[in-house]
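Worth saying up front: this structure is predicted, and the values here are computed from it rather than measured. Remember, it's 1-based here, ligands and their atoms both numbered in the order they're listed.
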Amino acid sequence: MSTAGLDRSAVNALDIGWVRSQFPSLQAHVNGQPAAFLDGPAGTQVPTQVMHAIQSYLMGANANTCGAFLTSRRTDEMLSGARAAMADFFHCAAEEVVFGQNMTTITFSIARAIGRELKPGDEILLTTLDHDANFSPWKALEEKGVVIRQVDVREEDCTLDLEDLKNKLNEKTKLVAVGYASNAVGTINPVAEITRLAHAAGALVFIDAVHYAPHGLIDVKVLDCDFLVCSPYKFFGPHMGTLYGKAQHLRGFRPYKVRPCTEQIPERWETGTQVHEVIAGIGAAVEYLAELGRRCDTSVTTRRDALGAAYRATVAYERRLIARLIEGLQTIPGARIYGIADPKRFEERCSTLSLRIGAHNPTTIAAFLGERGIFTWDGNYYALNLTERLGVESQGGLLRIGLVHYNTMEEVERLLAALHEFAAK
Ligand SMILES: Cc1ncc(COP(=O)(O)O)c(C=O)c1O
């Protein structure tokens, strides 16, 4: 098995027994077989800490904000604690963290606010690799005369065509919206470089980090992006979305809001009453990752450093799983992997991949695996531009396998055996 780029000490540091013991839902069975949750890109399972935080908020702090009584004060404290946790997660100030219903809703609201300031002929650059939630909200601004341009992907390895991006960036480009990692094929985009190029052209950068968040440490200071959005339910938290926005932009752009709502940031961007119990769970999800990091590296002191240690361990662990998965898939008759398959380039991908087996409809394969307790996804997973570009949209799209740090090598082997069985039918 190839182990290119592996950090051995970090691999040993991840205690998979402890990790799995934190996630009660992983104990599920289907038709007498243990469930293998390879559906992380559509939403990960949650650790006990998250469930407890939600329950404990509802039991002892359930109220609206800013009231002059105990449970309201507790709600305010919980919200600032969760915001501080997400600030450590993004590496920004707490006032730069906005909570919202989900990434899609947040992106529509930011696009509407930015769109208010654009004029006909202004350009926005999007990509063919992105999830539709980082495409359609911007595309809707065509109604205002905004020109949408689209960066192509290289079909052979499903990476962004950076030459195309450079050619399409110009003085009219006002914003570049790009994904950090592809939820379909696992490609990690060079978002720091893209941000540098966009800023040099005078454009803002909006990064969709939904798929990257469970797979790598986000550092908005290093990236220097203007906005970055992700969804806690993809990184072991409950169903909600969160946004990082540079303070100057959160102050400068104008959200659509009700009059009594404060003009303070970040609250002016948070429409109506938030889902407080879920926000309590978000704080706990960040704490879970920090606890994992402290277990992997006992020398860390701050929560941010603990998050760094957690991701060092999970990246190395996931890379081992994806290396074995790709190696095994290459022996399955008719299997075609979409995306980077060369172990020397694994730093450019995370542990999510898509494939097809001959002319089989991916739904048939997913159902075959599902019967055996192996949960995968099929179709376009809303990466619609990509499945169309790859010519598979009209044939049922792709089969997606998403590995996160609670998955195991045994699950990968079970999946490979089941796919061999399917291909031999
Ligand atoms: C890469 C990516 N971006 C955006 C989204 C949309 O996120 P949400 O469900 O929070 O709106 C998803 C969801 O699958 C995703 O994978």
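Counting protein heavy atoms only, atom 3 (N) of ligand 1 is closest to D208 OD2, 2.6 Å. S231 OG, 2.7 Å is the protein heavy atom nearest to atom 10 (O) of ligand 1. Ranking protein heavy atoms by distance to atom 11 (O) of ligand 1, first place goes to T104 OG1, 2.5 Å. Counting only heavy atoms of the protein, atom 15 (C) of ligand 1 lies nearest to H131 CD2, 3.2 Å. Nearest to atom 9 (O) of ligand 1 among the protein's heavy atoms is Y233 OH, 2.4 Å. At the top of the distance list for atom 16 (O) of ligand 1, counting protein heavy atoms only, stands N183 CB, 3.3 Å. The protein heavy atom nearest to atom 14 (O) of ligand 1 is K234 NZ, 2.6 Å.
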Let me see the working for I207 and Y212 under side-chain contact (heavy atoms from CB on, under 4.5 Å), right down to the final yes or no.
CA-CA 10 Å; I207 296 179; Y212 186 75; over 6 Å; no
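The neighbour count for E156 CD, taken as heavy atoms of other residues, nucleotides or ligands under 6.0 Å away, is above 12. Residue W138 qualifies as enclosed at atom CH2: its count of foreign heavy atoms under 6.0 Å is above 12.
At under 3.5 Å, a nitrogen or oxygen of M103, whether backbone or side chain, sits near a nitrogen or oxygen of ligand 1. Here's the thing with T105: none of its N/O atoms is less than 3.5 angstrom from an N/O atom of ligand 1.
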Which pairs would a plain distance check flag for residues 35-47, meaning a side-chain donor or acceptor within less than 3.5 Å of a matching protein atom at least two apart in sequence or in another chain?
| unit_1 | atom_1 | unit_2 | atom_2 | d |
| --- | --- | --- | --- | --- |
| T44 | OG1 | Y233 | O | 3.1 |
| T44 | OG1 | F236 | N | 2.8 |
| Q45 | OE1 | S25 | OG | 2.7 |

Please list every donor-acceptor pair under 3.5 Å in which a side-chain atom of residues 84-100 meets a protein atom from a residue at least two apart or in another chain.
| unit_1 | atom_1 | unit_2 | atom_2 | d |
| --- | --- | --- | --- | --- |
| D88 | OD2 | R303 | NE | 2.8 |
| D88 | OD2 | R303 | NH2 | 3.2 |
| H91 | ND1 | D219 | OD1 | 3.0 |
| H91 | ND1 | D219 | OD2 | 3.1 |
| E95 | OE1 | R251 | NH2 | 3.4 |
| E95 | OE2 | R251 | NH2 | 3.3 |
| E96 | OE1 | A93 | N | 3.0 |
| E96 | OE2 | A247 | N | 2.9 |

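Listed for the T173 side chain is no donor-acceptor partner under 3.5 Å among the backbone atoms of A203.
Note on ring orientation: taking the six-membered ring where Trp is involved, the planes of F206 and F227 are tilted (angle from 30° to 60°).
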